Structure formats: structure tokens, C-alpha cells
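Note that the structure is a prediction, hence the values are computed from the model and not measured. In listed order, ligands and their atoms are each counted from 1. The analysis underlying the following values was restricted to heavy atoms, covering all of them including side chains, and did not include hydrogens, waters or symmetry mates.
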Amino acid sequence: MEIQVFDSYEEMSINAARLVAAQVRLKPDSVLGLATGSTPLGLYAELIRMYEEENLDFSEVVTLNLDEYLGLGPDDDQSYAYFMREKLFSKINIDPDSSYLPDGLAEDPEDAAQEYEMLADMLPRDLQILGIGRNGHIGFNEPADAFPVETHVTDLAESTIQANQRFFDNADQVPRQAITMGMKQILAAKKIILLASGADKAETISDLVFGKVTSQVPASILNLHPDVMVMLDEAAARYLVEAYGFDDEDIAGE
Ligand code: F6R
């Protein structure tokens, strides 16, 4: 696991976008695994800028998102399908038919999860973007007694409902379930970039880097993957900076 610490969220986002852009330029038909939430917003904004100003071409790119809330369709402004359309897909030249998310409105969500697993088997990711929950989740793989393996229907942890209520009017409106890729598909990606920013992620990042591999910190499984880049802003890296005794000169982007 390689760790890069940047002096700001903006620097982190720009550097992550450079890696995604390099992937797309080297392999125009790359399959990208994407995440939603606050963390990748800066990355997506920079990719849009690169598309507009630097001819970054997404016409052959295929994307698969990690997860979707159950009960929310693509027209619901809280759905992840809507988020991806608003924050990225409608602003670049990606083919909407090549951008996949689990179906939040599926009549049979278990079937939909299995279908998404098969789709993901057919479209192995060249590069997977991840955020991380304060509780250590990746996708919606919540802390549990075992690592979930395949794409599945999951109950959101209470801590996730609390964390995500900021996007809704109140906690009651946060869906209680989601379809999420499991660890098998996340680890199947050739390369993984995990982004984290802000002081509220510092403790879980410390667990990820210094702790054991445990299903109670789902992201810790990334320690078993051969090509993971963890990109952090200073606030999220706080405990690493203290532990390693980094000074400002060690922080990338200074
Ligand atoms: C979203 C996802 C989640 C988020 C995580 C962090 O698709 O899979 O694991 O990455 O909850 O969310 P933010 O970035 O909003 O802190």
C-alpha cells in the first residue's frame, strides 16, 4: 500500500485525477470503478476540466459504480445514479450506456445484486476509485463478523445512516438498505486508489494503515491487494504524520 499525503483536498483531488487521466490516455477503453459521496467530487471536477481543456476522451471508457441505495431510482436526486449523472457523466463525453450502477428500483434486489456481480465479472476494473466511511466501510461493506464476498443487499450501519444524513433533510429519509459490490469485485481491480480527506477520517485511516486486517474495519482488506494508492489530505493523515514524524516538506504538493 502506497500512501501519499497532500497539503489540501484540492491537491489530493488534482493528483488523483492525473492518475485517472493517465489510465484513460494509456488505455482509452479502460474500465473504471467509481464511488459517490463527498470525497471524489474534486476528482470528478478535475476530470471534467481535463475533458474540457485538455481533450481527455472518455468516449470508450466503461464505468461501474460500487453501490446504490435501495428504493431510489435514477430520477431521485438522492440516488447515486443521479449523483453520477450530475457530477460527472453529463459533463464529459462518456457513453451513458457504458456507465453502470446497481438497480436501486429492482423488483427483486437479490437478483439485481447477482446480475451486477455477473456484469462486474465481465468488466474487470483497470482502476477502482474508493472513498472510505468513518466506520471503515468501502462501498457499503459495513463492519461485520466476516468480509462480504459478492455483490449483495446490505443493511446500512447506524453510523453510515448518521454520516449520510447530511445529504438528506433528516436521518429518517436515508434509505436503510443498498446494493453494494462485495470485496471480491473490489479486490479484482488491477489498481485501487482510495481517497480520504478531513479530520473525521483520520482515525479510520490510522486503523487501515497500522491495524490488523479485520472485517470490523472493512477497508483493511486492501492491505492484501498488490496495487493500492492511498491519497490523503493532511487532516485525514494526521495520525500517520504524528506516527512517522513527517514534517511539512514530506507532504506532497508543498
Ligand atoms: C460511495 C461509497 C462509500 C463512500 C464513503 C465515504 O459510493 O461507496 O463507501 O465512499 O461512505 O463517503 P464520503 O466521501 O461522503 O465521506
H225 (side chain) donor-acceptor with A189 (main chain) under 3.5 angstrom: yes
Protein residue, atom and distance nearest to atom 1 (C) of ligand 1, heavy-atom basis: T36 OG1, 3.1 Å
Subset of ligand 1 atoms that lie under 4.0 Å from at least one heavy atom of R166: 13 (P), 15 (O), 16 (O)
Distance from atom 2 (C) of ligand 1 to nearest protein heavy atom, with residue and atom: D67 OD2, 3.3 Å
Distance-only donor-acceptor check, side chains R238 and S206, under 3.5 Å: no
For K201, atoms of ligand 1 separated by under 4.0 Å from a heavy atom: 6 (C), 13 (P), 16 (O)
For T39, atoms of ligand 1 separated by under 4.0 Å from a heavy atom: 13 (P), 14 (O), 16 (O)
Trace of the side-chain hydrogen bond (donor to acceptor under 3.5 Å, both in side chains) decision for R125 with Q185: CA-CA 9 Å; R125 273 69 59 215; Q185 294 298 345; 2.8 Å; yes
Side-chain donor-acceptor pair present, T160, H137, cut-off under 3.5 Å: yes
Ligand-residue contact atoms, ligand 1 with G37, heavy atoms, under 4.0 Å: 14 (O), 15 (O)
Nearest neighbour of atom 9 (O) of ligand 1 from the list G133, G139, G131, on a heavy-atom basis: G139
Flag if over 12 foreign heavy atoms under 6.0 Å of CD, E203: no
Ring centres under 6.0 angstrom apart (Y116, Y100): no
Single-linkage hydrophobic cluster Y239~I3, side-chain heavy atoms < 4.5 angstrom: no
Residue portion contacting ligand 1 (non-hydrogen atoms closer than 4.0 Å) for I132: backbone
Heavy-atom nearest option to atom 11 (O) of ligand 1, drawn from H137, E68, R134: H137
For L66, atoms of ligand 1 separated by under 4.0 Å from a heavy atom: 8 (O)
